[in-house]
Amino acid sequence: MPELPEVETVRRGLEPWIEGATIDKVTLNRPDLRFPFPKDLQSALEGQKIVSVGRRAKYLLIGLSNGKTVLSHLGMTGSYRFAEHGIDKPPRYYEVEPTPKHDHMVWDISHPKHGKSHLIYADPRRFGFVDLYDHVEDSPYLKGLGPEPLGNDFNADEMAEKFTGKKTPIKAALLDQRVVAGLGNIYVAEALHRAHILPTVLAGTLVTAKGKPKPVLEDLAHAVRQVLIEAIEVGGSTLRDFRNAEGGSGYFQHRFAVYDREGEPCPTPLCTGTIQRIVQSGRSTFFCPVCQKKA
DNA sequence: ATTGGCCCCTGTTAGC
DNA sequence: TGCTAACAGGGGCCAA
């Protein structure tokens, strides 16, 4: 679920509370999530200080004082929260049960300013996972990733290179994390709508015969950046079970132009279209057939 | 090498 | 109201 803006919101929510804290104890309530927990997770974490809270694409990267890095992916339904006791400005989440059904990993931490608390990872569907690295840059999960969409390496020229000769629909191409890292089903739909590109056009058609980006690809690069920036500004989106790390909801869902808005009028000024839903690669695509036509 | 389809798992919701 | 089926933000893996 969580796409780049949601993961960034989680990162920003966690950072002030756990950076500088010491991990006193790690509790695993089951042997695995999507994959088994690393065998040495507890021994590698306990006694270490958290020195950084970073993000790459949809991965949280938690740096430790022993040089190791915890890589955490939230899958579709993963979330972090703090137990309500301990921390001096407690982020209230759901009512905290003693042993909630989907609390799979708990870190007992003590922070020099905030005192002791419990950081809890919950994940009903268990599509998330946790891994541990001496050199996280060698992680296979990070190896093939494309550029950060908000970084300097992401632009129309770069996309044009990757799209040349591609027969896959632009929607699927943008979901491919090797093209650009961090987009998911929601923000791809929103970016394509902003750039007025039909999701079904083949990625290769957005490139000229000389391999240069057509103008619309510049619009797309801009739309991707802009929609992510706006979403991060308001704390990401909240659908069903997503909450940010401080227990609040994001607000970006109220600004969706097309996602989950089948049958509603297209919000593009002067456009008379109605939002449609189709299925591409087994996943919903929302778009306006009237104003999304460029290729 | 690409590309599409299936699957992991649980919870929520739409439809009958 | 109650049951069943479809669907959900991701992405690894396999087969064509």
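Throughout, protein chains are lettered first and strands after them, A, B, ... in sequence-line order, and every chain is numbered starting at 1.
Using a 4.0 Å heavy-atom distance criterion, A:G184 is classed as a sugar-phosphate-only contact. At the heavy-atom level, A:Y187 lies nowhere under 4.0 Å from the strands shown.
The 5' end of DNA chain C is approached more closely, in terms of each residue's nearest nucleotide, by A:R125 than by the other of A:R125 and A:Q177.
The nucleotide B:dC9 finds no pairing partner, because no Watson-Crick or G-U wobble arrangement with both distances shorter than 3.5 Å includes it.
Centroid-to-centroid, the aromatic rings of A:F129 and A:Y141 come within less than 6.0 Å.
For the pair A:R126 CZ and C:dG11 P, the computed distance is 18 Å after rounding to whole Å. One atom, CD of A:E262, and another, P of C:dC7, lie 11 Å apart when rounded to the nearest Å. Here C:dC13 presents its P atom at 15 Å from CZ of A:F127, a figure rounded to the nearest Å. In this structure, A:K58 atom NZ and C:dG12 atom P are separated by 10 Å, rounded to whole Å. Atom CE in A:M76 sits roughly 14 Å away from atom P in B:dT12 (whole-Å rounding). Atoms CG (A:D176) and C1' (B:dG4) sit 13 Å apart, rounded to a whole Å. When rounded to the nearest whole Å, the span between CZ of A:F35 and P of C:dG10 equals 15 Å. Rounding to whole angstrom units, CG of residue A:L33 and P of C:dG10 are separated by 18 Å.
For A:R283 against C:dA8, no side-chain N or O and base N or O form a donor-acceptor pair under 3.5 Å.
For A:R34, no side-chain nitrogen or oxygen approaches OP1 or OP2 of B:dT10 to under 4.0 Å.
By the criterion of side-chain heavy atoms lying less than 4.5 angstrom apart, applied directly or through intervening Ile, Leu, Val, Met, Phe, Trp or Tyr residues, A:L74 is grouped together with A:L132 in one hydrophobic cluster. Note: the hydrophobic cluster containing A:L14 also contains A:V70 (ILVMFWY, side chain heavy atoms under 4.5 Å, direct or indirect links).
Relative ring orientation between A:W17 and A:H114 is described as tilted, the plane-to-plane angle lying within the 30° to 60° band.
Under 4.0 Å is where a charged nitrogen must lie from a carboxylate oxygen, and between A:E15 and A:R12 no such pair does.
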